[in-house]
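So the structure is just underneath, and the comments pick up after that.
Computed from heavy atoms alone, side chains included, the values below leave out hydrogens, waters and symmetry copies.
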Amino acid sequence: MNNFESSTALVGAGAAREARPRTAFRRLRVGPVLSVLFLLFLLTAVVAPSLLAHYQPLAVDPARSLEAPSLAHLFGTDESGRDVFSRVVYGAAPSLSIGVAATALGILVAVVLGALAGLGGRVIDAVIGRFLEILFAFPALLLALLFVTIFGASVTSLIISVGLGSAPGYARMVRGQVISVKNAPYVEASYVLGHPWWRILRRTILPNAMRPLLVLGTLGIGQAIVWASSLSFLGLGAAPPAP
């Protein structure tokens with residue numbers, strides 16, 4: 001190897017070493033990093049809100065009512081002088097609890113109705129299908145408003161109403177997934193092997209039918225929180241001054 005070839009090799013090795021950190025930096029996506037930071041912030045707000053908020057959410061200070069955002073009050077204050085940022089942080093735990101509970105209730109009802117419609121034969125499928133179509137005729141938020149009006153204004157009725165309002169959409173998806181999975185070759189093989197129907201339903205059909213539903217349910221938690229906050233704004237949910 002002559003001097004020209006050796007110098008060229010050294011230059012190439014140096015360029016490769018400089019390219020490695022740049023390549024590693026490019027691989028670090030901004031989206032996942034921001035998502036992890038937001039989840040850490042949300043987890044801290046749920047578990048230890050006092051680490052993020054320096055004011056009590058119910059502390060009233062009329063002398064500082066309706067202040068603009070500042071370093072002392074990041075989101076400003078409300079008409080009673082309460083720190084809005086502290087109320088947002090302390091409200092994360094109950095809001096998330098309502099969203100998760102309402103979504104879980106909606107998925108539970110949807111699994112029962114969807115499994116019965118997908119496995120119960122034409123008559124049961126037709127009856128449940130017509131019932132779901134009637135529910136689809138009403139907007140989901142209006143349906144939740146109807147339920148919470150019947151059950152009364154409380155956090156429990158809010159969870160039930162939002163969960164039942166979201167159930168029809170989940171039920172239609174479960175029905176379609178169950179019909180698709182029950183005709184799969186591995187399900188037919190389980191019947192041929194003599195496995196009981198309840199074992200096939202529990203270990204084969206429902207786990208495969210629930211996968212898309214669980215992904216949709218994570219998005220449904222946010223929608224359930226929006227519905228619950230809308231109903232609370234109308235005076236049909238958490239009673240003020242709860243954050």
- Verdict with supporting geometry, Leu216 and Tyr170, side chain to side chain contact (heavy atoms under 4.5 Å, CB included): CA-CA 8 Å; Leu216 184 62; Tyr170 295 139; 3.9 Å; yes

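- Side-chain N or O atoms of Ser166 include one that pairs as donor or acceptor with a backbone N or O of Gly163 at under 3.5 Å.
- One distance of note links CG of Asp78 with CZ of Arg64; it measures 12.5 Å at 0.5 Å rounding.
- There is no path of hydrophobic side-chain contacts, each under 4.5 Å, that joins Leu52 to Val36.
- Minimum heavy-atom separation, His54 to Ser86: N-OG, 4.2 Å.
- Here CZ of Phe131 is found 4.0 Å from CG of Leu135. Values are rounded to the nearest 0.5 Å.
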- Chi angles and distances behind the side chain to side chain contact (heavy atoms under 4.5 Å, CB included) call for Val162, Ile98: CA-CA 9 Å; Val162 174; Ile98 292 174; 5.8 Å; no

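- One distance of note links CG of Leu213 with CD of Gln177; it measures 8.5 Å at 0.5 Å rounding.
- The distance from the OG atom of Ser154 to the CD1 atom of Ile159 is 8.5 Å, given to the nearest 0.5 Å.
- Judged purely by atom type and a 3.5 angstrom limit, Ser180 has no side-chain atom pairing as donor or acceptor with the backbone of Gly176.
- Under the 4.5 Å side-chain heavy-atom criterion for Ile, Leu, Val, Met, Phe, Trp and Tyr, Tyr90 and Val88 are members of distinct hydrophobic clusters.
- Note that CG of Leu42 and CG of Leu37 are 12.5 Å apart. Values are rounded to the nearest 0.5 Å.
- For the pairing with Val178, the side chain to side chain contact (heavy atoms under 4.5 Å, CB included) check across Leu201, Leu116, Leu119 returns one residue only, Leu119.
- Between Gly165 and Pro168, the closest heavy-atom pair is O-CD, 3.5 Å.
- Tracing side-chain contacts under 4.5 Å through hydrophobic residues (I, L, V, M, F, W, Y), one never reaches Leu74 starting from Leu58; they form parts of separate clusters.
- Under the 3.5 Å distance criterion, the side-chain polar atoms of Ser95 are left unmatched by any main-chain donor or acceptor of Ala92.
- Across all non-hydrogen atoms, the minimal contact from Leu231 to Ser161 is CD1-OG, 4.1 Å.
- Of all heavy-atom pairs spanning Ile179 and Gly118, the tightest one is CG1-CA, 3.8 Å.
- The closest donor-acceptor contact from the side chain of Thr77 to the backbone of Leu66 lies under 3.5 Å.
- Not one N or O on the side chain of Thr103 forms a donor-acceptor pair closer than 3.5 Å with the backbone of Val100.
- Hydrophobic clustering places Val111 together with Val187 (ILVMFWY residues linked when any side-chain heavy atoms are closer than 4.5 Å, directly or through intermediates).
- Atom CG of residue Asp83 and atom NE2 of residue His73 lie 5.5 Å apart, to the nearest 0.5 angstrom.
- The aromatic rings of Phe85 and Phe41 sit tilted relative to each other, their planes meeting at an angle between 30° and 60°.
- Between the side chain of Arg175 and the backbone N or O of Asp125 there is no donor-acceptor pair closer than 3.5 Å.
- Note on Val47: it does not cluster hydrophobically with Leu96, by side-chain heavy-atom contacts below 4.5 Å among ILVMFWY residues.
- Summarising the geometry of Ala110 relative to Ala167, their closest heavy-atom pair is CB-O, 3.7 Å, with the distance given to 0.1 Å.
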